[in-house]
Amino acid sequence: MTATVPNDHDATAGAAGPLAGTRILELAGIGPGPFAGMVLADLGAEVVRIARPATPSMVGHRYLERSRTHVTIDLQDPSGVDLVRRLAADADGLIEGFRPGVVERLGVGPDDLLAVNPALVYGRMTGWGQDGPWATVAGHDLDYIAVTGALDAIGRRGRGPAVPLNLVGDFGGGAMFLVTGMLAGLLHSRATGEGQVVDAAMVDGASLLMTMFHDLAAAGLHRPERGTNLLDSGAWFYDVYECADGRWIALGPIEPQFRAALCDLLDLGEEFRRGDDPDDWADLSTAIAEVVASRPRDHWDDLLAGTDACYAPVLSLAEAPSHPHLAARGTLVEVDGEVQPAPAPRFSATPAAHPRARRGDGADTEAILADLGLAPGVVDDLRSRGVVG
């Protein structure tokens, strides 16, 4: 059963969270940009998503585009560009995810908007970054993590690199570093009145995520061959194992005391207790795989859950909301009847509001234009010309 939270929202629901009172403009894009906008909105910022008229949201973006204010503006029209500049004059930040040079050609680049708002924090999300020989080359998450060494390091022994969804580039190395950069830029802007450009490149972020492994490799503690190291499925005590019913469990008792707890519960021999030698890992992995395969996952859950054996069942997306720990914390919540991840992290003094379901593109256009002081007749003219939707 999913931990449910009331879905009704009062007029102040969007003002909760540590970023309450902060306005961020988001030029609609794909992948990491919307995820960064979601995190900022979850933290309480008013995120104004600016989409092109008649451009539907991408599949998979409904949840990423939650808790937003939605307007549609044609950036190909000079009147639309003027509207974005006017919005930027009263904003704290802006995020965009176009290739380098695109927003400059549209007239809403950093120089254009910092000219009307010198305190603006202008966040740019790309794969390759704003400069370098590949800056304008097309690519996706997989390409960006490939050149950093991250992709090469992920996978099993004797097999090719494993594709880790788009978590390492788009969301981990991209969006979360854009959020970090925006927050740091906002702090600086509020202290000094000086805005700046945040160049968040997935190649930079994904590379930074690999810092510990660069360190281990430099110390001779990380082998070049994937699947032979402590954290890449090489160690028998840090891996996933298939159960008798075809489901899986995860075991990660790296420290000796936790490994001892697992050995006691599974009645494993002395060779497992002293199983730190990498030369023994393959044989021990085979042996424990046979043990796990002898029983269904529920058996191991009953035996190991809640112990210090560093155990967890490998749950599907459908199963995760029912896990007792996640349910108790409300890690997943219902938003208009659909299960979504809850905002994270959590704050004691400024808790985030419950997420609001995605509104349609342009749902708030009239209200936003009214805030700019545009008369109804002017708005009607802009709409009739297709400048706004």
Side-chain angles (χ1 to χ4, degrees), residues 12 14-29 32-50 67-69 71 73 75 78-98 100-126 129-131 174-201 204-205 208 343 345 347 349-350 352-353 364 367-374:
T12 62
L19 291 184
T22 302
R23 174 177 275 195
I24 305 292
L25 307 183
E26 174 192 352
L27 301 185
F35 185 84
M38 182 196 76
V39 173
L40 292 167
D42 284 348
L43 294 177
E46 180 195 3
V47 178
V48 181
R49 181 180 182 272
I50 302 172
S67 302
R68 303 284 212 289
T69 298
V71 301
I73 299 175
L75 295 180
S79 297
V81 172
D82 180 64
L83 289 176
V84 172
R85 291 180 178 179
R86 293 178 66 175
L87 287 171
D90 194 38
D92 299 289
L94 177 145
I95 59 175
E96 60 93 4
F98 295 99
V102 171
V103 290
E104 285 84 355
R105 290 194 295 272
L106 291 172
V108 292
D111 290 344
D112 303 302
L113 301 190
L114 283 165
V116 299
N117 182 357
L120 186 73
V121 180
Y122 196 111
R124 315 194 73 175
M125 180 77 264
T126 60
Q130 295 299 315
D131 52 36
M176 294 310 296
F177 281 98
L178 175 58
V179 170
T180 302
M182 293 299 294
L183 297 178
L186 288 169
L187 286 173
H188 175 263
S189 176
R190 288 174 179 175
T192 66
E194 179 185 12
Q196 62 183 301
V197 177
V198 177
D199 176 5
D204 297 342
L208 189 58
F347 299 86
T350 56
D364 305 293
I368 289 292
L369 297 184
D371 286 344
L372 287 178
L374 273 65

Apply side chain to side chain contact (heavy atoms under 4.5 Å, CB included) to residues Val108 and Phe98 and explain how you reach the verdict.
CA-CA 12 Å; Val108 292; Phe98 295 99; over 6 Å; no

If you apply the rule side chain to side chain contact (heavy atoms under 4.5 Å, CB included), what do you find for Glu96 with Ile50, and how did you get there?
CA-CA 10 Å; Glu96 60 93 4; Ile50 302 172; over 6 Å; no

Inter-residue atom distance Glu46.CD - Leu40.CG, 0.5 Å rounding
12.5 Å

List the atom of Arg49, the atom of Ala28, and the distance in Å for their closest heavy-atom pair.
NH2-CB, 3.5 Å

Got a sec: does the CG of Asp90 have more than 12 other heavy atoms crowding it under 6.0 Å?
no

Single hit among Ile73, Val103, Val116, Asp112 for side chain to side chain contact (heavy atoms under 4.5 Å, CB included) with Val84:
Ile73

Taking Ile368 as the fixed residue, which of Leu83, Thr69, Leu374 is the one that meets the side chain to side chain contact (heavy atoms under 4.5 Å, CB included) rule?
Thr69

Ala41 and Ser67: which non-hydrogen atoms are nearest, and at how many Å?
CB-O, 3.6 Å

Is the CG atom of Asp82 crowded by more than 12 outside heavy atoms at less than 6.0 Å?
yes

Quick one: pull up CD in Gln196 and CG in Leu186 and give me the separation to the nearest 0.5 Å.
9.5 Å

From CG (Leu113) to CZ (Arg86), nearest 0.5 Å:
14.0 Å

Please report the closest heavy-atom contact between Arg124 and Pro110, naming both atoms and the distance.
NH1-CG, 3.7 Å

Chi angles and distances behind the side chain to side chain contact (heavy atoms under 4.5 Å, CB included) call for Phe35, Leu178:
CA-CA 10 Å; Phe35 185 84; Leu178 175 58; over 6 Å; no

State the CZ-CD1 distance between Arg68 and Ile24, to the nearest 0.5 angstrom.
11.0 Å

Any sub-3.5 Å donor-acceptor pair from Ser189's side-chain atoms to Gly185's backbone N or O?
no

First locate atom CG of Leu87, then atom CG of Leu94, and finally report the distance between them rounded to the nearest 0.5 Å.
10.0 Å

Would you compute the distance between atom OH of Tyr122 and atom CE of Met182 and round it to the nearest 0.5 angstrom?
10.5 Å

Considering all heavy atoms, the nearest Val81-Leu106 contact
CG2-O, 3.2 Å

Over all atoms of both residues, closest heavy-atom pair of Gln130 and Pro100
OE1-CB, 3.7 Å

Closest heavy-atom pair and its distance - Val47, Gly37
CG2-O, 3.7 Å

Can you check whether Ala91's main-chain N or O pairs, donor with acceptor, with Asn117's side chain at less than 3.5 Å?
yes

Please check: side-chain N/O of Asp364 versus main-chain N/O of Val71, any donor-acceptor pairing under 3.5 Å?
no

